[in-house]
There are 2 protein chains.
Amino acid sequence: MTRETYLTMVEYYSQQTPFLLALDVIIFGFDEEELKLLLIKRGFEPRKGQWSLMGGFLKEDEDMEQAADRVLHQLTGLSGLYLEQLRLYSKPDRDSDGRVISMAYYALMKTDHQDSEQLEKHNAQWFKIDEIPELVFDHREMVNHALARLRRRCKTQPIGFELLPDKFTIPQLQKLYEAILGVELDKRNFRKKILSMELLQKLEEKDKRSSRKGAFLYRFDKEKYDRLIGEGFSFAV
Amino acid sequence: MTRETYLTMVEYYSQQTPFLLALDVIIFGFDEEELKLLLIKRGFEPRKGQWSLMGGFLKEDEDMEQAADRVLHQLTGLSGLYLEQLRLYSKPDRDSDGRVISMAYYALMKTDHQDSEQLEKHNAQWFKIDEIPELVFDHREMVNHALARLRRRCKTQPIGFELLPDKFTIPQLQKLYEAILGVELDKRNFRKKILSMELLQKLEEKDKRSSRKGAFLYRFDKEKYDRLIGEGFSFAV
DNA sequence: AGTTTCACGTGTCAAACGGACACTTTTGTT
DNA sequence: AACAAAAGTGTCCGTTTGACACGTGAAACT
């Protein structure tokens, strides 16, 4: 690039208005029976004391995915959780305290991996999906959007497993889908469908917490899934 | 809000780094047989003379959707085209001339509505989807992503009609789907499926450009579609 | 020791759907 | 009058989906 074009470029870019770029994460968890949402009681201004999604600002040396992972780590102490971009919230007046553009993400978290001390530090609390308190700004809209996306996505991608312990039973998995989709499923049909994909490894162990007979534990075979995907396979529940 | 909290808030926000926020649009069109992409030959710095997606910067008084619509209008002279957010491109080094965060959109345009003079002003040109020239920055990645999204989306949403004239024939519609999906479809099965949804109004007129016999023209019944959607209907091709 | 209880685990049938497949119709051209 | 070229139509079969009911295993209780 010549010195002249470089000058023109600097001029062009410098005419533009810069914006504060933030992100907010809708964090889903599953707790035996219920789909839950992790919210924080803001211990800082603005909106101190109100319930809110966890969020943060983009920094100079990272991309938005890294920022989302960092913010998530900050709250939960965990890294590498399932994260998916939702959409950009950019209305000029969405944050009444100043113009902030926010990228919404949703994350899926295994609640058995949670670090309760860490969560308490941020005044974080799990809420049942149908008992969400009033939220700041447009966070409620973000939650609605995330839930809609999760409901669509879980039918075609094996993301449910991100919400369960590494070992889980078929009835547990079914309850998860029922909680996400908000419908009851037939257990024979559910079992037939999920097992027919042959992506679950049956273990010898049983989980006896929920019945005297106990239910066999399974593990999701990620390697096999990745292999099948390469061959044109589609996951479907 | 008290004066004290306001000050805290200003302090909090002002510690953050602002970024240049842009958008780029992948514009699809359909031309009887081929799926096409509208690109511009940049007549301005940076990267003057190279092929690129149409883009622009977010302005202070608009949200990102308005910005996308504005940018699209600037190029094509058209407003209200189908627009869908893809994802944010935010790698620190994605634009080698400075840090710019870009939201990618894809748009669907009826090529029979195009204003050729307007397009020439911007050195815009249609390219077949498999003959795309080298593009600046990460625009090629955006195009790939848009194409993947379009392929998924067109199976479950009636967006194909955004690429066809208001009146179209079934064979035309089929060619469109074949062009998007890159596969051949059986015309009996296609016709059966598309007509079984009863969303197409058959007109008395025929389009005789492609055969002596001529093919009946149809119109997509948007009102009926919206009504059915409210009743839980799902579009599927 | 026998009985109860509770959730786990299993198979069948009918209807709907999806995909393969070939011939007739229409009408302009020669 | 014959031809060419694309439009338009129906059937059959295999697969998938959804509805549906009973036996099993193991702890808890008597």
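- If you take CE of Met197(A) and C1' of dT16(D), they are 14 Å apart, rounded to a whole angstrom.
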Restricting both atoms to N or O, compile the protein contacts to nucleotides 11-16 of chain C shorter than 3.5 Å, with distance only.
{"unit_1": "dT12(C)", "atom_1": "O4", "unit_2": "Lys192(A)", "atom_2": "NZ", "d": "3.3"}

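- Nearest to the side chain of Arg191(A), among dC8(C), dG8(D), dA26(D), sits dC8(C).
- Put simply, NZ on Lys155(B) is 14 Å from C1' on dG18(C), counting in whole angstrom units.
- In this structure, CZ of Phe216(B) is placed 12 Å from C1' of dT25(C), rounded to the nearest angstrom.
- Between the CZ atom of Arg209(A) and the C1' atom of dC8(C) there is a distance of 15 Å, given to the nearest Å.
- Atom P of nucleotide dA7(C) and atom CD of Gln172(A) are separated by 15 Å, given to the nearest angstrom.
- Judged purely by atom type and a 3.5 angstrom limit, Gln85(B) uses its side chain to pair as donor or acceptor with the backbone of Leu88(A).
- For the pair Ile194(B) CD1 and dT9(D) C1', the computed distance is 17 Å after rounding to whole Å.
- Residues Glu198(A) and Lys224(A) come closest through the heavy atom pair O-NZ, 3.0 Å.
- A straight line from CG of Asp207(B) to C1' of dT27(C) spans 15 Å, rounded to a whole angstrom.
- In the model, Asp31(B) has no side-chain atom that pairs as donor or acceptor with a side-chain atom of Thr111(B) under 3.5 Å.
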Could you go through nucleotides 22-25 of chain D and list every protein N or O atom that sits under 3.5 Å from one of its N or O atoms, giving the distance for each pair?
{"unit_1": "dT24(D)", "atom_1": "O2", "unit_2": "Lys213(A)", "atom_2": "NZ", "d": "3.1"}

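- Within 6.0 Å of atom NZ in Lys41(A), 12 or fewer heavy atoms from other residues, nucleotides or ligands are found, so the atom counts as exposed in its surroundings.
- Counting only heavy atoms from C-beta outward, the side chains of Ile27(A) and Leu75(A) approach each other to under 4.5 Å.
- Screening residues 129-154 of chain A for salt bridge (Lys or Arg N to Asp or Glu O under 4.0 Å) gives Glu84(A)-Arg149(A), Glu84(A)-Arg153(A), Arg87(A)-Glu141(A), Arg94(A)-Asp138(A) as the qualifying pairs, with residues at least two apart or on separate chains.
- Side chains of Thr169(A) and Asp207(A): a donor-acceptor N/O pair is absent below 3.5 angstrom, by distance only.
- If you measure from atom CD1 of Ile170(B) to atom P of dA6(D), you get 18 Å, rounded to the nearest angstrom.
- Under a 3.5 Å cut-off, the side chain of Gln118(B) and the backbone N or O of Gln74(B) do form a donor-acceptor pair.
- Looking at Lys187(B), its side chain never comes within 3.5 Å of a backbone N or O of Pro171(B) through a donor-acceptor pair.
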